[in-house]
Amino acid sequence: QDQKASAPWVIPANYKSMANPQKGKADPDKVGQMLYTKHCKSCHGGLGLGDGPKASSQETKINPFNDAKFQAQTDGQIYFESFMDREMKSFEKKIPAVEDRWAVVNFLRTLK
């Protein structure tokens with residue numbers, strides 16, 4: 001299937017400056033890895049390269065987490081993209097605890 005490039009994210013200002021309350025905490029990173037494996041790996045792949053088994057069935061191309069443009073974003077921007085907008089909105093319900101969502105953001109930071 002031909003996949004289109006994803007449109008630029010429109011991220012509200014309050015997310016751009018949002019502080020990550022879990023930043024630098026080791027245990028939440030482990031929780032983030034577990035949640036990533038359960039909910040994200042099938043599309044994003046084990047190393048976050050956008051090459052999971054379900055990736056080709058998505059409408060838009062999945063960009064890799066090791067991309068410099070992705071890693072240059074604030075934690076709040078990544079949080080918004082992962083849980084609050086567009087195709088990823090459903091994960092707000094699958095990962096309802098805010099602490100767990102931040103743990104996923106922390107884990108995504110390790111996929112450089």
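The structure places CE of Met18 at 9.5 Å from CZ of Phe80, a figure rounded to the nearest 0.5 Å. Rounded to the nearest 0.5 angstrom, Lys61 NZ and Ser56 OG are separated by 12.5 Å. With rounding to the nearest 0.5 angstrom, the CE atom of Met34 is 11.5 Å from the CZ atom of Phe107. Distance check: Arg101 CZ to Ile95 CD1 gives 8.0 Å after rounding to the nearest 0.5 Å. The CG atom of Asn106 lies 11.5 Å from the CG atom of Asp100; values are rounded to the nearest 0.5 Å. Interatomic distance, NZ of Lys54 versus CD of Gln58, reported as 8.5 Å (0.5 Å rounding).
The minimum heavy-atom distance linking Asn20 with Gln22 is given by the pair OD1-N, 2.8 Å. Heavy-atom minimum distance, Ala55 versus Gly50: CB-O, 3.3 Å.
Between Tyr79 and Val98 there is a side-chain heavy-atom pair separated by less than 4.5 Å. By the 4.5 Å heavy-atom criterion applied to side chains, His44 and Leu49 are not counted as neighbours. Looking at heavy atoms from C-beta onward, Arg109 lies in side-chain contact with Asp75 at the 4.5 angstrom threshold. Under the 4.5 Å side-chain criterion, counting only non-hydrogen atoms from C-beta, Lys93 is not in contact with Phe83.
Looking only at distances, a side-chain donor or acceptor of Gln73 sits under 3.5 Å from a matching main-chain atom of Phe70. Under a 3.5 Å cut-off, the side chain of Gln71 and the backbone N or O of Phe65 do form a donor-acceptor pair.
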Side-chain atoms of residues 36-43: list all donor-acceptor pairs with protein atoms under 3.5 Å, sequence neighbours left out, distances to 0.1 Å.
residue: Tyr36; atom: OH; partner: Gly45; partner atom: O; Å: 2.5
residue: Tyr36; atom: OH; partner: Gly48; partner atom: N; Å: 3.4
residue: Thr37; atom: OG1; partner: Gln33; partner atom: O; Å: 3.0

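In this structure, Ile62 is not a member of the same hydrophobic cluster as Val104, with clusters built from ILVMFWY side-chain heavy atoms closer than 4.5 Å.
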Mind running side-chain contact (heavy atoms from CB on, under 4.5 Å) on Ser82 and Leu108 for me, showing each step along the way?
-> CA-CA 10 Å; Ser82 300; Leu108 296 180; 3.9 Å; yes
